[in-house]
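To keep things clear, I will list the structure first and then write my remarks on it.
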Amino acid sequence: MSSSTSYYNDPEFKRVLRRYEEARAGGQSVYLDADDFADIVDYYLSRDRLDEADSCVAYALTLHPDHTRLLVQLAKKYIDEGNIQEAQNVEASIHDAEDYNAKLLHAEILLYNFEFEKADSFLNESFTALNDLDDIDDVLDVAALLLDYEQPKRAAFWLAKLKDMKFDRAYYYYLLSLCHLQSGRYDDSVAAANQCLDLDPYDGACWGVLASAQFEKQEYRKAIDSADYALAIWPHDVSALRVKAKSLYELHDYAAVHEVLSSELKRCDSDVDFLLLDGTCLNALARPEEALVCLKKAGSLSPGGSTDYLLDIYQQLAYAYSQLGDDAETLSCLEQVVRLGGDASLLDLQHVHNDFADGREQEALQRAVDLFNDKQADLSVRLHLSLVLSDYGYAEMASRMLESLEGEDGIVGMGLYAYRAYVCRKLGHAGEFLRFLEKACELSPDRTRDLFQNVFPGLAPSQYVAAARKQMAEGDGAF
């Protein structure tokens, strides 16, 4: 089925859909043609209304138990649930193996089982001629199936069959855009998406692909605009919502990310990505209690064996507990990070903090020196060590450490001058503070914002130096 909304705007389809929904809402039976039922199922699937799609196909099969298209939809439901055996059982019950939809189902089962060469052979044998518009639809459906399984090279082979044909089909350009996106050709993806949208400006799926391509090009504000168009068409488009939230996160608008995600999490609170991102933003907003709720939920839902998810979750849990001053829980979470293969130097850094907090000053200083001299320790951890030392009264020691890091590969981009400005502020060295702050705002504005957003609330990094000069001129004790 095309991603275009044009078919679903057809008055006849709307009439059939209304008849079905009114009857079911009233608890009444309704008899429709099998293909009308199948169209309704496709409509629900295109809107991510999965429960309604499942209910419709189950009801339709009580009236049309042998209808191939409905059986294919049931098999695809099992595939989406990861129940490939049930899908294969349904396929075996289909009488007409030569049916178009049955052939696509067989190809999908091969792809699901990673039998790509067999899928190639089967598709090439089943869909060969290109004589009329129906054949064009065949090619588009095959390409769409391959893209569903992230096989852009294989999809490109099929789309290339249509390259020299004279036709304007929005769905073709949508698939071409998606193919380019999956292949990492983001400029080409944007160009193809725009061709699709010229033909069908209400193609919500294509607006979502355009947003994804713009996000990959780091055009975050454009990505947000495109995602908003997608969401205006399909309000619960999870992919578009994800792109919008991630774009806002990259722009450091953590409050906006939380606002975007809150409404979706009220509707569906089982998306691990959204829970983790929301928890991360709440941490950045210094709202650790709320962050813990999201992060613990994410941890309970994290896919089994997904080390990357758990690493990020435990790191954010550690950060939340550290903001709350719960050193024991912070340490426990960081131990989990190390157990999962994360950076052990994070745990060493926490030990430095804990020793200082518990009055073990000499032990803390020795740990700090050992950590700084450990060449295996991540540079970001060694930079952060300067903050811990400064906050516990050892800014001179932190300053010497940071000075010795000059010349390390990538250190400037990681925010060296932001850390140096932070330490100089602790030392009261006004001139050096301004000099390093100016460099930091130019060379690493994101890290500078992280370190100074509470000093200069509501301002962009480009405004920090002027604000600092004003504070000094007014004799503000904040310096």
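In this text the structure is predicted, and so the values were computed from the model without any measurement. Heads up: numbering here begins at 1 and tracks the sequence.
- When the shell of 6.0 Å around NZ of Lys375 is examined, it contains more than 12 heavy atoms from other residues, nucleotides or ligands.
- Using a 4.5 Å cut-off on side-chain heavy atoms (C-beta onward), Leu437 and Phe452 make contact.
- Listed for the Gln315 side chain is no donor-acceptor partner under 3.5 Å among the backbone atoms of Leu334.
- At a threshold of 4.0 Å, the pair Lys77-Glu81 counts as salt-bridged, since one of the basic side-chain nitrogens sits closer than that to a carboxylate oxygen.
- A distance of 9.0 Å separates CG in Asp446 from CG in Leu251, rounded to the nearest 0.5 Å.
- Side-chain atoms of Gln214 and Ser226 form a donor-acceptor pair, as typed in the model, at a separation below 3.5 Å.
- Under a 4.0 Å N-O distance rule, the pair Arg360/Glu363 does not qualify as a salt bridge.
- Looking only at distances, no side-chain donor or acceptor of Ser390 sits under 3.5 Å from a matching main-chain atom of Ala395.
- Of the possible polar contacts, one joining the Ser189 side chain to the Ser177 backbone as a donor-acceptor pair under 3.5 Å is found.
- The distance from the CD atom of Glu289 to the CD atom of Gln323 is 9.0 Å, given to the nearest 0.5 Å.
- In terms of the side chain to side chain contact (heavy atoms under 4.5 Å, CB included) criterion, residue partners of Glu361 (sequence neighbours excluded) are, by chain and number, Phe356, Leu365, Tyr394.
- Between Phe433 and Ala468, the shortest heavy-atom contact is CE2-CB, 3.9 Å.
- Gln350 and Asn354 share a side-chain donor-acceptor pair at under 3.5 Å.
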>> Evaluate Arg267 against His236 for side chain to side chain contact (heavy atoms under 4.5 Å, CB included), listing each step before the verdict.
In response: CA-CA 9 Å; Arg267 189 182 74 89; His236 298 300; 3.1 Å; yes
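- Scanning both residues, Ala170 and Cys196, for their nearest heavy atoms gives O-SG, 3.3 Å.
- For the pair Asn194 (side chain) and Val190 (backbone), a donor-acceptor distance under 3.5 Å is present.
- Residues that satisfy the ring-ring contact (aromatic ring centres under 6.0 Å, His included) test with Phe157, not counting sequence neighbours, are absent from this structure.
- In summary, Arg420 and Glu406 engage in a salt bridge, as defined by a charged side-chain N under 4.0 Å from a carboxylate O.
- A cation-pi arrangement is present between Arg382 and Phe372, with the terminal nitrogen or guanidinium carbon under 6.0 Å from the aromatic centre and inside a 45° cone about the axis.
- Between Arg154 and Leu147 there is no side-chain heavy-atom pair separated by less than 4.5 Å.
- To the nearest 0.5 Å, the span separating CG on Asp269 from CG on Asp278 amounts to 11.5 Å.
- Of all non-hydrogen atoms in Phe215 and Val243, the two that sit nearest each other are CB-CG1, 4.1 Å.
- Using cut-offs of 30° and 60° for the angle between ring planes, the Tyr171 and Tyr174 rings count as parallel.
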>> Quick one, Leu387 with His384, criterion side chain to side chain contact (heavy atoms under 4.5 Å, CB included). Give me CA distance, side-chain angles, the key distance, then yes/no.
In response: CA-CA 5 Å; Leu387 305 185; His384 196 83; 3.6 Å; yes
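- Within the 4.5 Å cutoff, the side chain of Ser345 has no heavy atoms near those of the Gln376 side chain.
- Listed by chain and residue number, nothing satisfies the salt bridge (Lys or Arg N to Asp or Glu O under 4.0 Å) test with Asp348 (two or more places apart in sequence, or in another chain).
- Across Tyr464 and Arg449, no two heavy atoms sit closer than the pair OH-CA, 3.6 Å.
- Tyr417 carries Lys439 over the face of its six-membered ring, with the cationic atom under 6.0 Å from the centre and within 45° of the normal.
- Not counting sequence neighbours, the partners of Tyr229 by the ring-ring contact (aromatic ring centres under 6.0 Å, His included) test are Trp207.
- At a cut-off of 3.5 Å, with distance as the only test, a side-chain donor of Tyr309 or Asp273 sits close to an acceptor on the other residue.
- Applying the 6.0 Å contact sphere to CD of Glu438 captures no more than 12 heavy atoms from other residues, nucleotides or ligands.
- Taking CG of Asp237 as the reference point, atom CG of Leu231 lies at 6.0 Å (rounded to 0.5 Å).
- Of the possible donor and acceptor atoms, one in the side chain of Gln463 sits under 3.5 Å from a partner among the backbone N and O of Ala460.
- Rounding to the nearest 0.5 Å places OH of Tyr321 at 8.5 Å from OG1 of Thr330.
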> Does the pair Arg367 and Asp370 meet the rule for a salt bridge (charged side-chain N to carboxylate O under 4.0 Å, His left out), with working shown?
Replying inline: CA-CA 5 Å; Arg367 280 187 189 272; Asp370 292 343; over 6 Å; no
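- Considering NZ of Lys246 and NZ of Lys244, their distance stands at 15.5 Å, rounded to 0.5 Å.
- Less than 6.0 angstrom separates the ring centroid of Phe13 from the ring centroid of Tyr43.
- The environment of OH in Tyr172 is crowded: more than 12 heavy-atom neighbours from other residues, nucleotides or ligands sit within 6.0 Å.
- No side-chain donor-acceptor contact under 3.5 Å links Gln362 and Asp355.
- In this view, Lys76 and Glu108 satisfy the salt bridge (Lys or Arg N to Asp or Glu O under 4.0 Å) rule, not counting sequence neighbours.
- Using a distance-only test at 3.5 Å, with no hydrogens or angles considered, a donor-acceptor pair links the side chain of Thr280 to the main chain of Leu276.
- Checked against ring-ring contact (aromatic ring centres under 6.0 Å, His included), Tyr173 has no partners two or more places apart in sequence or in another chain.
- Under the 4.0 Å criterion applied to side-chain N and carboxylate O atoms, Asp225 and Lys222 are not assigned as salt-bridge partners.
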> Can Leu324 and Leu292 be said to form a side chain to side chain contact (heavy atoms under 4.5 Å, CB included), step by step?
Replying inline: CA-CA 10 Å; Leu324 292 169; Leu292 285 175; 3.6 Å; yes
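- Atom CG of Asn373 has more than 12 neighbouring heavy atoms from other residues, nucleotides or ligands inside a 6.0 Å radius.
- Looking only at distances, a side-chain donor or acceptor of Thr448 sits under 3.5 Å from a matching main-chain atom of Ala440.
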>> Apply side chain to side chain contact (heavy atoms under 4.5 Å, CB included) to residues Gln151 and Phe116 and explain how you reach the verdict.
In response: CA-CA 9 Å; Gln151 296 295 308; Phe116 297 121; 3.6 Å; yes
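- Salt bridge status for Glu290 with Arg287: present, with a side-chain N to carboxylate O gap under 4.0 Å.
- Taking both residues in full, the closest heavy atoms of Cys333 and Leu317 are given as SG-CB, 3.7 Å, listed atom of the first, atom of the second, then distance.
- Listed here is the closest heavy atom pair of Ala467 and Leu459: CB-CD1, 3.6 Å.
- Under the 3.5 Å distance criterion, the side-chain polar atoms of Ser322 are matched with a main-chain donor or acceptor of Tyr319.
- Side chain of Asn113 to main chain of Ile109: a donor-acceptor pair is present (N/O by atom type, distance under 3.5 Å, no hydrogens or angles).
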